[in-house]
Amino acid sequence: MSDLVATWDISLSDGIHTIEFEHGTTTGKRIIRVDGKDIYRQDWMFKLVGREHFQVGKTKCVISIDAVSGFSYEYTLEVNGKPLKKFKENQSKIMKTWVVYVAGNGMRVVLEKDTLDVWVNGTKVDTTGEFVDDGTETHFEIGNHPAYIKAVTTGKRRDGIVHQLFVDGIEIPLAKE
């Protein structure tokens with residue numbers, strides 16, 4: 001019998017990770033699962049509330065277990081010291097994500113705007129930067145297909161820089177994560 005009480009998805013540079021939390025409200029059992037693998041298991045605990053610290057790659061996470069009333073509990077996830085909602089808002093500001101289909105396979109391409117690292121399906125790829133007339137291009141390959149991310153200023157301070165992905169010369173729309 002499963003005591004699954006919460007499931008969260010977090011989008012990181014190396015992919016989307018699913019975090020599952022099981023909590024036995026009579027035994028205190030706690031199980032944390034990341035992408036289907038148990039990373040923490042405690043089968044018996046007297047303390048039913050508290051915090052569990054763990055990592056997804058290099059990303060620090062904390063699950064808080066708080067009593068609401070009687071035997072009802074609230075479960076919240078913090079990622080890198082921020083509530084999940086705030087973390088997701090921050091991620092959308094520092095990462096651009098595209099999904100491109102190459103030879104029928106979906107490939108997730110992520111640009112980390114703060115480091116300019118490019119990830120393809122969870123693997124950081126080698127890139128070559130180049131200045132062009134209207135901005136910069138960051139070249140790399142997806143399989144045997146040439147790709148580049150073009151960065152162009154909008155000229156508007158509020159909008160900043162627009163990033164576009166091109167694979168085989170075709171623009172790929174941003175993913176909605």
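At least one side-chain heavy atom of R30 sits less than 4.5 Å from a side-chain heavy atom of I65. Within the 4.5 Å cutoff, side-chain heavy atoms of I32 are placed close to those of I63. Considering only heavy atoms from C-beta on, E22 comes within 4.5 Å of K29 through its side chain. A 4.5 Å side-chain heavy-atom check between E20 and L4 finds at least one atom pair inside the cut-off. Proximity of D168 to P146: side-chain heavy atoms (C-beta onward) are separated by under 4.5 Å at one or more points.
Side chain to side chain, T18 and D9 meet the donor-acceptor criterion of an N or O pair below 3.5 Å. Using a 3.5 Å distance cut-off with no hydrogens or angles, the side chains of E112 and T115 do pair a donor with an acceptor. Checked by atom type, the side-chain pair H23/D3 shows no donor-acceptor distance below 3.5 Å. Side-chain contact check for S13 and R108: no donor-acceptor pair (N or O, by modelled atom type) lies under 3.5 Å.
As a member of the Ile/Leu/Val/Met/Phe/Trp/Tyr network built from side-chain separations under 4.5 Å, I172 groups with W98, V100, V102, M107, V109, L111, L116, V118, V120, V125, F140, I142, I149, L165, V167, L174. When hydrophobic side chains of Ile, Leu, Val, Met, Phe, Trp and Tyr are connected at separations under 4.5 Å, Y148 ends up clustered with F166.
Residues F54 and F21 fall within the same hydrophobic cluster, defined by Ile, Leu, Val, Met, Phe, Trp and Tyr side chains chained together at heavy-atom separations under 4.5 Å. Residues I39 and V56 share a hydrophobic cluster, clusters being chains of Ile/Leu/Val/Met/Phe/Trp/Tyr side chains in contact below 4.5 Å. Hydrophobic clustering (side-chain heavy atoms under 4.5 Å, transitive across Ile, Leu, Val, Met, Phe, Trp, Tyr) groups Y40 together with Y73. A chain of hydrophobic side-chain contacts below 4.5 Å, direct or via other Ile, Leu, Val, Met, Phe, Trp or Tyr residues, connects Y75 to L84.
When the side chain to side chain contact (heavy atoms under 4.5 Å, CB included) test is applied to Q91, the partners found at least two apart in sequence or on another chain are L12, F87, I94, M95. In this structure N144 satisfies the side chain to side chain contact (heavy atoms under 4.5 Å, CB included) test with no other residue, sequence neighbours excluded. Under the rule for a salt bridge (charged side-chain N to carboxylate O under 4.0 Å, His left out), the partners of D134 that lie at least two apart in sequence or sit in another chain are K150. When the salt bridge (charged side-chain N to carboxylate O under 4.0 Å, His left out) test is applied to D117, the partners found at least two apart in sequence or on another chain are K124.
Checked for salt-bridge contact, K60 and E78 miss the test: no charged N lies under 4.0 Å from a carboxylate O.
The minimum heavy-atom distance linking C61 with I19 is given by the pair SG-CD1, 4.5 Å.
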